[in-house]
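Read the structure below first, then the notes.
Convention: sequence-line order gives letters A, B, ...; per-chain numbering from 1. As a basis for the values below, the full set of heavy atoms in this structure was taken, side chains included, without hydrogen atoms, waters or symmetry mates.
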Amino acid sequence: MSAEIQDALRSEARKLLEEGKVDKILGYCMSGDRVVPCMVYAADEVDKLIYNNRCKINLARYLRECDGRVGVVAKGCDSRAIVELLKAKQLDRSDLFIWGVSCPGMVDSEGRQYRSCSVCTHRNPVVYDGFLGKLVEEKPRLKDDELGLGSRDERMSYWSKQFSRCISCMACRNVCPMCYCKECVLEKKDPEWVARGGDISDIFVYHAIKAMHMAGRCVECGECERACPVDIPLMHLYSRVCRDVEQLFGVEAGMDENDKPPLSVFDLEADAILEENEKNKKS
Amino acid sequence: MEGGKQKKKGFEPSIVGFLCNWCSYAGADLAGTSRLEYPPNLRVIRVMCSSRVNPLFVLKAYQRGADGILIGGCHPQDCHYMEGNYYTRRRFMLMRRLLDYMGVDSRRLRVEWVSASEGERFAEVVREYTDELKKMGPLDLKNQMMQDER
Amino acid sequence: MKKIKKADVKKFLGDLKKEHEVFAPVDEDGVVEFKRLSKKDEPTLDYVNSVVSPKGFFLPMKEKILGFREANDKIELIDEHEVGGRVLFGIRPCDVNGLLVLDNVAREEYMDPYYLERRQKTILIALECVKPGVDCFCRVFGSGPGLEMGADLVYTDIGDYFLVRVGSDKGAKLLSGSDYFVEASDADEKKAAKLVDECAKKMSNVESSKLKLDLEKIRDKGSWCLNCYSCTFICPTCYCFDVVDRMNPKGCEGQRIRCWDSCMNPQFTLMAGNFNPRNKKVDRFVNRIRHKLEYMRDRYGVFGCVGCGRCVRECPSHISMLEIIQEGVR
C-alpha cells in the first residue's frame with residue numbers, strides 16, 4: 001500500500017508545485033540506505049519523494065523551521081504534532097498543505113518495529129488537506145503500563161538506574177517536535193535550574209520537568225527514545241503524563257486544533273470533584 | 001538543608017511552604033499573631049499567588065533536601081487574581097501523579113486552601129502534615145537515587 | 001607474541017582487579033557501556049563498540065577540578081582529584097586513535113594535567129576488530145580495524161584464543177606477571193592478520209588524503225541538522241568543555257566543575273552583548289564538520305574523525321559523516 005501512497009504523493013506533489021500552490025514540499029527521500037527528510041522545490045524533483053515503512057522521522061520538527069508555503073507529508077504522529085504546533089501558534093495553517101497518509105508502523109533497518117509505533121493508537125492522520133492511500137485500523141490503547149513497575153520503591157530504583165546512564169546530551173529535547181521554546185529552562189544559566197555537571201538528582205529534575213512540560217502536548221512519536229544514545233525509555237514518562245491529562249481533564253494531545261491547553265484552562269465544578277477524588281485516592 | 005541522612009527515629013522533616021500572599025500567608029500570619037503553636041518544620045516562602053509556583057520549585061526543593069512541600073492558596077473562588085488557584089489545582093494534581101510514577105510519594109506534595117482568617121486551620125494543617133511526614137520518614141532524594149544508581 | 005584462551009580473559013581481568021580498577025564493556029539491556037567491573041558484572045566480548053565513547057575515562061562528563069572554602073578570612077583551595085591505576089579493557093582501535101587525537105589537544109600550549117594524569121595512569125588493552133559494524137568507516141582514516149600504536153596490549157580475536165601483542169613496557173609487565181598467556185605460533189599471527197585484513201576489506205574506503213570539503217553540500221546536509229548535541233557527546237574526539245564554579249547551599253564552600261559542552265549549543269559561542277558569531281544551526285554544523293576534517297588536520301596533522309561511526313548511528317536526521325567525506329573526495 002505504501003507504493004500506492006508513494007505514487008499518489010509524487011503526482012499530487014508535482015501538480016501542486018506546477019500550480020504554484022506551495023513553494024516546497026517536505027517529505028522523505030533515500031540517502032544511501034537510510035530514509036532522510038528532504039525538501040523538494042521543483043516539479044521535476046518529485047520522484048525522489050518516497051513513502052514506506054522506514055519513514056519514522058517526525059517531519060513536524062523540521063516544519064517548525066520552514067518558512068513560506070509548504071506541502072508536507074503527515075502520518076498520524078506528524079499530523080498530531082502539527083495540530084499541537086498550530087495550537088501553540090508556532091505554525092500558520094494557511095501556509096500548510098498537508099497530505100495525510102496512514103502509517104503502517106515504522107521499522108528500523110533490521111525490520112524491528114519501533115516501540116512507539118507498536119503502542120501507537122493514532123496511525124491515521126487527524127488533520128489533512130488531501131488524503132493518500134487508505135485508512136488503517138487503529139489499535140486499542142494498552143490498558144496497563146508496559147513497564148509493569150510495582151511498588152514506588154521499584155519505580156524509583158528503575159528510573160534511577162535509567163537516569164544513571166543519561167549523559168545530559170539534551171538530544172531528547174532537541175529532537176522533540178513540541179520543544180519550540182527559544183529559551184529553555186533546562187539550559188538556563190541564571191538561575192541554573194538544572195546544574196551542568198550535576199549529580200543524578202539533577203538528571204531527575206531534568207527529566208521530571210521535561211515530562212511536566214509535555215503534559216497534554218506529547219504526541220508520542222517516539223523521537224526522544226530513538227534519539228537517546230543510551231536508550232532511556234523516555235516516552236514512558238511522557239505517555240504517563242498524557243494519560244493522566246486524559247483521565248483528569250479529558251483532553252488528548254494533538255487531536256483538535258480548537259482544544260485548549262489543559263493546564264491553562266479550568267473547569268470550576270469538575271476540577272473540585274477531581275480534587276476531592278485525588279485526595280481520597282490511596283497513595 | 002542539604003546532605004545528612006537523618007535516621008527515621010527522631011526524624012524532623014523539613015517542609016517547604018509556598019504560601020500565597022493574599023490568603024495562606026496571611027493565614028500563617030494570623031496563626032502567629034494569635035500565638036497558635038505549630039511545628040517549626042515549615043520553611044515559608046511567600047509567593048504572590050499559588051499559581052506562581054513552578055513545578056521546578058518543587059523538584060528543586062526535593063533535590064535540596066525537602067521532605068515535603070506545602071503549597072497554600074486561596075480557597076477556590078476566592079483568588080485575589082480571580083482564577084490563579086484553579087491553575088494551581090490542575091497543575092499539581094498532575095504533578096502528584098507524575099511524582100508517584102517516578103517513585104516519589106505523592107503525599108510529599110500537598111496543596112491546601114487556607115484563607116486569611118483561618119489561622120487555626122493553618123496551624124492544624126502544618127501539625128497534621130508534619131506528623132504525616134514524620135511517619136513517612138525522610139525523602140533524601142539525592143542519596144536515594146545514588147543508591148539506586150547501580 | 002602470546003595468546004590467551006578466551007575463557008581465561010575473565011580470570012585475567014579478575015587478577016588485574018587486585019591492583020587496578022578494571023573497566024570493560026558490559027552489556028546492560030542491549031546498551032553496551034564501559035563499566036567498572038564489580039563482582040556481578042560480566043564483561044562482554046562480543047560487541048561492536050560502546051554507545052558512548054570511552055573518552056569519558058580521561059575527560060569525564062563531569063569532574064571536580066578543585067574545591068574551595070573560606071576559613072579564617074582566607075580562601076583555601078582543595079585539590080581533590082586523585083586517580084589510581086586503571087585498566088581499560090576492550091577499547092577499540094578507533095577509540096585508541098581518538099585518544100591519540102585528544103592527546104594533541106591536551107598537550108598543546110597549555111597542558112591539561114587532569115587529562116594527562118589519567119592517560120598516564122591508565123593501561124589500555126585494545127581489542128582489534130574482526131567484524132565491522134554497520135556504520136564503521138575507520139578504514140578511511142587508517143584508525144582501524146587493526147591497531148599499530150597507542151595501546152599497551154593489543155588483543156585480536158582468532159577463534160578460541162586472543163592473540164596478544166605487546167605495545168609498551170607497561171603492557172609487557174602485565175603479561176609477564178600472568179600465567180594465562182602461552183606462546184603463539186606463526187599460524188596464529190597470520191590468522192589474526194588475515195582476519196583484520198578481511199574485516200578492513202568489508203568496510204568502505206576513500207582516499208582521505210585527497211579530501212577537500214564541498215562546503216555547499218555540507219551546508220545542504222547541515223540544513224537538516226537539529227543541533228541535538230548527541231553526536232558531540234558520544235564522539236571519541238569531541239573535547240569541548242565548560243568550567244563552572246558552584247557554591248554549596250550551605251556554608252562558604254564550593255567546587256569548580258568541568259563538564260562536557262557542545263559546539264552545537266547556541267550558547268556555546270554566545271558573547272556578552274548577545275552577539276553570536278555562529279548563530280545559525282547550519283553554521284554550527286559546518287563548524288563541527290570542518291573542525292573534525294579540516295582544522296584538526298591542519299593543526300595537528302591528524303584528522304579529528306576516527307571513523308567510529310557513532311554519530312552516523314545516532315543522528316536523528318541520519319546525516320552521515322561518511323557521506324560527507326565521500327563527497328569531499330569525489
Subject >> Salt bridge flag under 4.0 Å for residues A:Arg155 and B:Asp100 >> reply: yes
Is [X] in contact with chain B via its backbone, its side chain, both, or neither, using a 4.5 Å heavy-atom distance?
X        : result
A:Leu248 : side chain
A:Gln247 : side chain
A:Ile203 : neither
A:Val245 : both
A:Phe163 : side chain

If I take atom [atom1] from residue [X] and atom [atom2] from residue [Y], how far apart are they, to the nearest 0.5 angstrom?
X        : Y        : atom1 : atom2 : result
B:Arg90  : A:Ser264 : CZ    : OG    : 9.0 Å
A:Arg152 : B:Asp105 : CZ    : CG    : 3.5 Å
B:Leu56  : A:Ile209 : CG    : CD1   : 3.5 Å
A:Lys279 : B:Arg110 : NZ    : CZ    : 7.5 Å
A:Ser160 : B:Gln147 : OG    : CD    : 9.5 Å

Original post:
Stepwise, does the side-chain contact (heavy atoms from CB on, under 4.5 Å) test hold for A:Arg240 with B:Met102?
Top reply: CA-CA 10 Å; A:Arg240 165 45 54 118; B:Met102 293 179 85; over 6 Å; no
Any idea which heavy atoms bring [X] and [Y] closest together, and the distance?
X        : Y        : answer
A:Asp271 : B:Met93  : O-CE, 3.9 Å
B:Lys60  : A:Glu192 : NZ-O, 4.1 Å
A:Ser201 : B:Met145 : CA-SD, 4.3 Å
B:Tyr101 : A:Trp159 : O-NE1, 3.5 Å
A:Phe204 : B:Leu59  : CE2-CD2, 3.9 Å
A:Met156 : B:Gly103 : CE-O, 3.7 Å

Original post:
So with a 6.0 Å cut-off around CZ of A:Arg115, is the heavy-atom count from everything else above 12?
Top reply: yes
Original post:
Counting only heavy atoms not in A:Lys139, do more than 12 fall under 6.0 Å of its NZ?
Top reply: yes
Using non-hydrogen atoms and a 4.5 Å limit, figure out which bit of [X] sits close to chain A: side chain, backbone, both or neither.
X        : result
B:Val104 : both
B:Arg89  : side chain
B:Leu141 : side chain

**OP:** Count the heavy-atom pairs under 4.5 Å between each of A:Gln162, A:His207, A:His236 and chain B, then report the option with the highest count.
**Re:** A:His236
Original post:
Highest number of heavy-atom pairs under 4.5 Å with chain B: which of A:Val194, A:Val205, A:Leu274, A:Asp267?
Top reply: A:Val205
Original post:
Do the ring planes of A:Phe266 and B:Tyr87 sit parallel (below 30°), tilted (30 to 60°) or perpendicular (above 60°)?
Top reply: perpendicular
Original post:
Would B:Gln63 and A:Asp199 satisfy side-chain contact (heavy atoms from CB on, under 4.5 Å), going step by step from the backbone distance to the final call?
Top reply: CA-CA 10 Å; B:Gln63 195 196 3; A:Asp199 57 31; 4.3 Å; yes
